[in-house]
Amino acid sequence: MFQTGYLTIVDEKREGFDTLYKLDYPNREVQLSLNDELLTYLIPTNRVPLEEGKTLRDLLEVHDFDGFAETLRAYLASIPYQWHQTGDLARYEVWYAGLLHMSFRAIGVDVRSEEASNHGRFDLVVLTGGQVFLFEFKMVETADKTEAALETALTQIRDRGYAEKYRDRMEPIYLSAIACGRDTRNLLDMRVELVE
């Protein structure tokens, strides 16, 4: 991969008689091309995961947040129940943040998990289409607690000033609260507001 130009050396470290190299993509175009080829090789007849990530990105970029929520809900519903029973991962907000992270990462969107600021750490940041989307995930036991969870998430983003870190980009910033149900193993609702 290095000799063909798909990867480049970004760091070199000596440990005794060994030399360790840290490799990275030389640029974004090569990263996208290589990821696309690897996905084609690994999933030759089914490009659905890549298309799902693009659909989610496109819906965010045009502010179709209802469509985004409905599409994400359908994707989450397609996860086999056996996966949930094995580790019960869907009981944790990191499960949902991780799934979104991988969906966006696979198509080359600038996505950042557990991004820190001077007042805390937010779950997920998506930078796409000249816009910033700050996601905060909350888990609820029952659907009747959804509204409270969404308000808690938005209040947390506002009170901790998470948007301040991105104001110098001079791009629209959207605060995005997502409530997921422990028992439903799915997205319950989503609320988005534009930072003025």
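Between the side chains of Thr128 and Arg57, not a single donor N or O lies within less than 3.5 Å of an accepting N or O. Side-chain N/O atoms of Glu115 and Tyr166 include a donor and acceptor closer than 3.5 Å.
Counting heavy-atom neighbours within 6.0 Å of Arg105 CZ, excluding the residue itself, gives a total of 12 or less. Atom CZ of Arg158 has more than 12 heavy atoms from other residues, nucleotides or ligands within 6.0 Å.
For the pair Gln131 and Glu171, the minimum side-chain heavy-atom distance is 4.5 Å or more. Within the 4.5 Å cutoff, side-chain heavy atoms of Glu15 are placed close to those of Leu20. Looking at heavy atoms from C-beta onward, Val132 lies out of side-chain contact with Pro172 at the 4.5 angstrom threshold.
Put simply, Tyr25 and Leu23 are part of the same group of oily side chains (I, L, V, M, F, W, Y) that touch within less than 4.5 Å, one to the next. Grouping the Ile, Leu, Val, Met, Phe, Trp and Tyr side chains by contacts below 4.5 angstrom, directly or via other members, places Phe122 apart from Val111. Hydrophobic cluster membership is shared by Phe137 and Val126, with clusters built from Ile, Leu, Val, Met, Phe, Trp and Tyr side chains linked at under 4.5 angstrom. Under a hydrophobic clustering in which Ile, Leu, Val, Met, Phe, Trp and Tyr are joined whenever their side-chain heavy atoms come within less than 4.5 Å, directly or via other members, Ile157 and Leu150 fall into different clusters. Taking hydrophobic clusters as Ile, Leu, Val, Met, Phe, Trp and Tyr residues chained together by side-chain heavy-atom distances below 4.5 Å, Leu194 does not share a cluster with Val62.
For Thr142, the side chain to side chain donor-acceptor pair (under 3.5 Å) test picks out Asp144, with sequence neighbours left out. Every side chain to side chain donor-acceptor pair (under 3.5 Å) that Gln156 has, sequence neighbours left out, goes to Glu136, Lys138, Tyr162.
A salt bridge is absent between Asp11 and Lys13; no separation between the charged side-chain nitrogens and carboxylate oxygens falls under 4.0 Å. At a threshold of 4.0 Å, the pair Arg191-Glu151 counts as salt-bridged, since one of the basic side-chain nitrogens sits closer than that to a carboxylate oxygen.
A distance of 11.0 Å separates CG of Leu56 from CG of Asp64, quoted to the nearest 0.5 Å. If you take CZ on Arg73 and CE on Met190, they are separated by 10.0 Å, rounding to the nearest 0.5 Å. To the nearest 0.5 Å, atoms CD (Glu147) and OG1 (Thr152) are separated by 10.5 Å. Summarising the geometry, atom CD1 belonging to Ile173 is positioned 8.0 Å from atom CG belonging to Leu175; distances are rounded to the nearest 0.5 Å. Distance OG1/Thr8 to OH/Tyr21: 12.5 Å, rounded to 0.5 Å. Rounding to the nearest 0.5 Å places CE of Met139 at 8.0 Å from CG of Leu188.
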Given side-chain contact (heavy atoms from CB on, under 4.5 Å), test Leu100 with Leu72 step by step and report yes or no. CA-CA 9 Å; Leu100 262 183; Leu72 181 57; 4.2 Å; yes
Under the criterion side-chain contact (heavy atoms from CB on, under 4.5 Å), I'd like the reasoning laid out for Asp183 against Arg185: C-alpha separation, chi angles, the key distance, then a yes or no. CA-CA 5 Å; Asp183 293 332; Arg185 300 175 183 155; over 6 Å; no
CA sep, side-chain torsions, deciding dist, call: Asp159, His119, side-chain contact (heavy atoms from CB on, under 4.5 Å): CA-CA 9 Å; Asp159 290 353; His119 289 291; over 6 Å; no
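Contact detail for Ile178 and Cys180: the closest heavy-atom pair is CG2-SG, 3.7 Å. Annotation for Leu187 and Ala69: closest pair CD2-O, 3.3 Å, computed over non-hydrogen atoms. Closest heavy-atom contact between Ser117 and Lys165: CB-CD, 4.4 Å. The two residues Leu154 and Glu193 make their nearest non-hydrogen contact at CD1-OE1, 3.8 Å.
A perpendicular orientation is assigned to the rings of Phe65 and Phe133, their planes being inclined by more than 60° (bins at 30° and 60°).
Here the two rings, on His63 and Tyr174, have centers that are under 6.0 Å apart.
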